[in-house]
**Student:** 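Take a look at the following structure, please.
Since this is a predicted model, take the numbers as computed values, not measurements. Throughout, a chain's letter reflects where its sequence line sits, starting with A, and its residues are numbered from 1.
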Protein chains: 2
Amino acid sequence: MSKHSPSALKPRKTPSQSRSRVTVDAIFEATIQVLLKQGMAGLTTTSVAERAGVSVGTMYQYFPNKQALVYALNERFLTRLAEKVEDTCAGMAGRRACEGAEALIDTYWSVKTERMELTHALYRSVAELDNDALVQDFAARVDRATEGMFRACPDLSTGDIDQINLSLTAVIYGTVRNAFERGLEQENISALKSDLKAMCRAYLSSVK
Amino acid sequence: MSKHSPSALKPRKTPSQSRSRVTVDAIFEATIQVLLKQGMAGLTTTSVAERAGVSVGTMYQYFPNKQALVYALNERFLTRLAEKVEDTCAGMAGRRACEGAEALIDTYWSVKTERMELTHALYRSVAELDNDALVQDFAARVDRATEGMFRACPDLSTGDIDQINLSLTAVIYGTVRNAFERGLEQENISALKSDLKAMCRAYLSSVK
DNA sequence: CAGATATATGAAGGAATATTCAGTTTTGGG
DNA sequence: CCCAAAACTGAATATTCCTTCATATATCTG
């Protein structure tokens, strides 16, 4: 378990019967829906319970407090993201660096775009609940994956891999997020994406 | 006044005597300090008033509610940022595109870096208080400035200026923010900055 | 089917804190 | 020097919401 999961945030108990598994799923789903419809401000224990069709007490059987609920939700999504990135990086091992970078952009972009609104809402929830630590953990995990990928590139000298990895990921993740913050049209988004790829390509051939 | 400044967020009254001007300044300063020391969670009307050395009631003479206070604070900083960017863009009119881009990076970076902690705190405060509208307004303002700059570049064909402006600014602003979210060392930061410049240069010569 | 375990309920308690306002003090112009 | 306007005070109010727990219901196991 991550060092950034103090007991105050850990699930209280794990469902053992199928009934409760359904309940927990409903709670997660309700959390998402409330987050989308009302934002963090409207995310009260009552509103979530109501939407999930359970009583507040039930929520507290599985989550020690409201914060833990949002924490768990973010954990779910970050895990999914990390796994996808890891898959991509593994699949690109040994390919040229710019191919790896492009694949990384595609993967990251598609995961974040898949559920735009939710992604946006989760970004904010992290800021509000001081869940940076959680994000940092996942950033480190994803960084290991991309670093490994770049380290295995035949066309990259091993010297500056750390910095190359840092710069590429900072630019990619930053740009993706920025694309969310502005409400870009689909047309602009895809142009931005291909421009981003072009920049990464150009950068890589300059440091090669 | 911006269309995104509903009366609920506008200052209640403007100080006329010098005593109250001092008071309002103290309130702003206190807000910053509390934000830095306690974060958004600890930013209560009481804590701000206490730190400012005034009573809560005084705060409410100038700001209709807590949100308005943070709103005003963000407005201050965004205005400063916008002005600096506008200055830079005006100063770069007629220069080559990559020079303009580099100057933009330097300006934006230095404003954000000047008070790192505060910048970080303000980023979060915006997310928490749903102040996107405010940010969007300033983004538009800054965008006009950069677009003008690029439009005046002798080495850029006028056709794709909009997209070029969009892509460059998205990458630049996104990367800067990402640099804050990770707790990068000064060394990595400056390497990242020069890599970012390299990418922008390379991108511009590819579309020229 | 009976006891044991797991799950669910939701009213009541309680803590935090945003906001008001009636009364007091300070300021500056005439 | 005086008084109207400006500024300030802070206890009291009002609201919002998280969290608990005693009780009830459902499910499982032997």
Side-chain angles (χ1 to χ4, degrees), chain A residues 6-31 34-35 37-73 125 128-131, chain B residues 6-31 34-35 37-73 125 128-131:
Chain A
S7 63
L9 291 178
K10 275 195 292 211
R12 220 162 216 177
K13 71 177 174 192
T14 313
S16 72
Q17 303 181 356
S18 76
R19 175 170 56 140
S20 53
R21 246 167 274 132
V22 169
T23 297
V24 171
D25 277 349
I27 292 174
F28 272 125
E29 193 49 44
T31 307
V34 172
L35 219 45
K37 201 157 288 179
Q38 326 265 165
M40 258 291 155
L43 192 91
T44 66
T45 50
T46 316
S47 67
V48 170
E50 199 167 4
R51 179 120 213 166
V54 300
S55 75
V56 239
T58 297
M59 261 194 49
Y60 278 87
Q61 297 233 319
Y62 303 102
F63 304 96
N65 51 53
K66 197 177 85 166
Q67 190 175 348
L69 180 64
V70 180
Y71 186 94
L73 193 63
S125 74
E128 183 148 352
L129 296 183
D130 282 311
N131 277 343
Chain B
S7 64
L9 291 178
K10 273 196 294 213
R12 218 163 220 177
K13 73 176 172 193
T14 313
S16 72
Q17 303 180 356
S18 76
R19 173 168 60 140
S20 53
R21 246 168 274 132
V22 169
T23 298
V24 170
D25 276 349
I27 292 173
F28 272 125
E29 194 49 44
T31 308
V34 173
L35 218 44
K37 201 157 286 180
Q38 326 266 158
M40 259 291 159
L43 192 90
T44 66
T45 51
T46 315
S47 67
V48 170
E50 199 168 5
R51 180 120 214 166
V54 301
S55 75
V56 239
T58 297
M59 261 194 49
Y60 279 88
Q61 295 227 312
Y62 304 101
F63 304 96
N65 51 53
K66 195 176 85 166
Q67 190 175 347
L69 180 63
V70 180
Y71 186 95
L73 192 63
S125 75
E128 184 150 352
L129 295 184
D130 282 311
N131 277 342

**Student:** What nucleotide among C:dA8, D:dC28, D:dA7 has an atom nearest to a side-chain atom of B:Tyr62?
**Tutor:** D:dA7
**Student:** Can you tell me how far P of C:dA8 sits from CZ of A:Arg19, to the nearest Å?
**Tutor:** 5 Å
**Student:** Between A:Ser55 and C:dG10, is there a contact of a side-chain N or O with OP1 or OP2 at under 4.0 Å?
**Tutor:** no
**Student:** At under 4.0 Å between heavy atoms, what does B:Leu69 touch on the DNA or RNA strands: base, sugar-phosphate, or nothing?
**Tutor:** nothing
**Student:** Does B:Glu50 have more than 12 heavy atoms from other residues, nucleotides or ligands lying within 6.0 Å of its CD?
**Tutor:** no
**Student:** Between N or O atoms, less than 3.5 Å apart, protein on one side and nucleotides 11-16 of chain D on the other: list the pairs.
**Tutor:**
none

**Student:** Mind checking A:Phe63 for me? I need base, sugar-phosphate or nothing, with any heavy atom below 4.0 Å counting as a touch.
**Tutor:** nothing
**Student:** Does A:Ser16 place a side-chain N or O at less than 4.0 Å from the phosphate oxygens OP1/OP2 of C:dT7?
**Tutor:** yes
**Student:** Between B:Ser47 and B:Leu43, is there a donor-acceptor pair closer than 3.5 Å when you use the side chain of the first and the backbone of the second?
**Tutor:** no
**Student:** Base, sugar-phosphate, or nothing for B:Thr45, non-hydrogen atoms under 4.0 angstrom?
**Tutor:** base
**Student:** Ignoring backbone atoms, establish whether A:Ser20 has a side-chain N or O less than 4.0 Å from OP1 or OP2 of C:dA6.
**Tutor:** no
**Student:** Rounded to the Å, how far apart are B:Met59 CE and D:dT9 P?
**Tutor:** 13 Å
**Student:** I need the minimum non-hydrogen distance between A:Thr23 and A:Val54, along with the two atoms involved.
**Tutor:** CG2-CG1, 3.9 Å
**Student:** Go through A:Asp130 and B:Met40 one step at a time and tell me if the side-chain contact (heavy atoms from CB on, under 4.5 Å) criterion holds.
**Tutor:** CA-CA 9 Å; A:Asp130 282 311; B:Met40 259 291 159; over 6 Å; no
**Student:** With side-chain contact (heavy atoms from CB on, under 4.5 Å) as the criterion, how do A:Tyr71 and A:Asn131 come out once you've worked through the C-alpha distance, each side chain's angles and the decisive distance to 0.1 Å?
**Tutor:** CA-CA 7 Å; A:Tyr71 186 94; A:Asn131 277 343; 3.5 Å; yes
**Student:** Between A:Pro15 and B:Thr46, which has a closest nucleotide on DNA chain C that is more 5'?
**Tutor:** A:Pro15
**Student:** To the closest 0.5 Å, what do you measure between CD (A:Gln61) and NZ (A:Lys13)?
**Tutor:** 4.0 Å
**Student:** Using whole Å, what does the distance between atom C1' of nucleotide C:dG28 and atom CZ of B:Arg21 come to?
**Tutor:** 13 Å
**Student:** For B:Lys13 and D:dA7, give me the distance from atom NZ to atom C1', rounded to whole Å.
**Tutor:** 6 Å
**Student:** Does B:Ser18 or B:Gln67 map to a spot on DNA chain C nearer the 5' end, using the closest nucleotide for each?
**Tutor:** B:Gln67
**Student:** Over all heavy atoms of both residues, which pair between A:Pro15 and A:Val24 is shortest? Give the atoms and the distance, please.
**Tutor:** CG-CG2, 3.6 Å
**Student:** Which heavy atom in B:Thr44 sits nearest to a heavy atom in B:Ala41, and how many Å separate them?
**Tutor:** CG2-O, 4.5 Å
**Student:** To the nearest Å, how far apart are A:Tyr60 OH and D:dT19 P?
**Tutor:** 4 Å
**Student:** Under 4.0 angstrom, heavy atoms only, what part of the nucleic acid is A:Thr58 near: base, sugar-phosphate, or nothing?
**Tutor:** base
**Student:** Phosphate oxygens OP1/OP2 of C:dT20: is one of them under 4.0 Å from a side-chain N or O of B:Arg12?
**Tutor:** yes
**Student:** Quickly work out the A:Gln61 CD to C:dA6 P distance and round it to whole Å.
**Tutor:** 11 Å
**Student:** Could you give the CG-to-C1' distance, from A:Asn65 to C:dA16, as a whole number of Å?
**Tutor:** 16 Å
**Student:** Rounding to a whole Å, what distance do you find between A:Ile27:CD1 and C:dT7:P?
**Tutor:** 12 Å
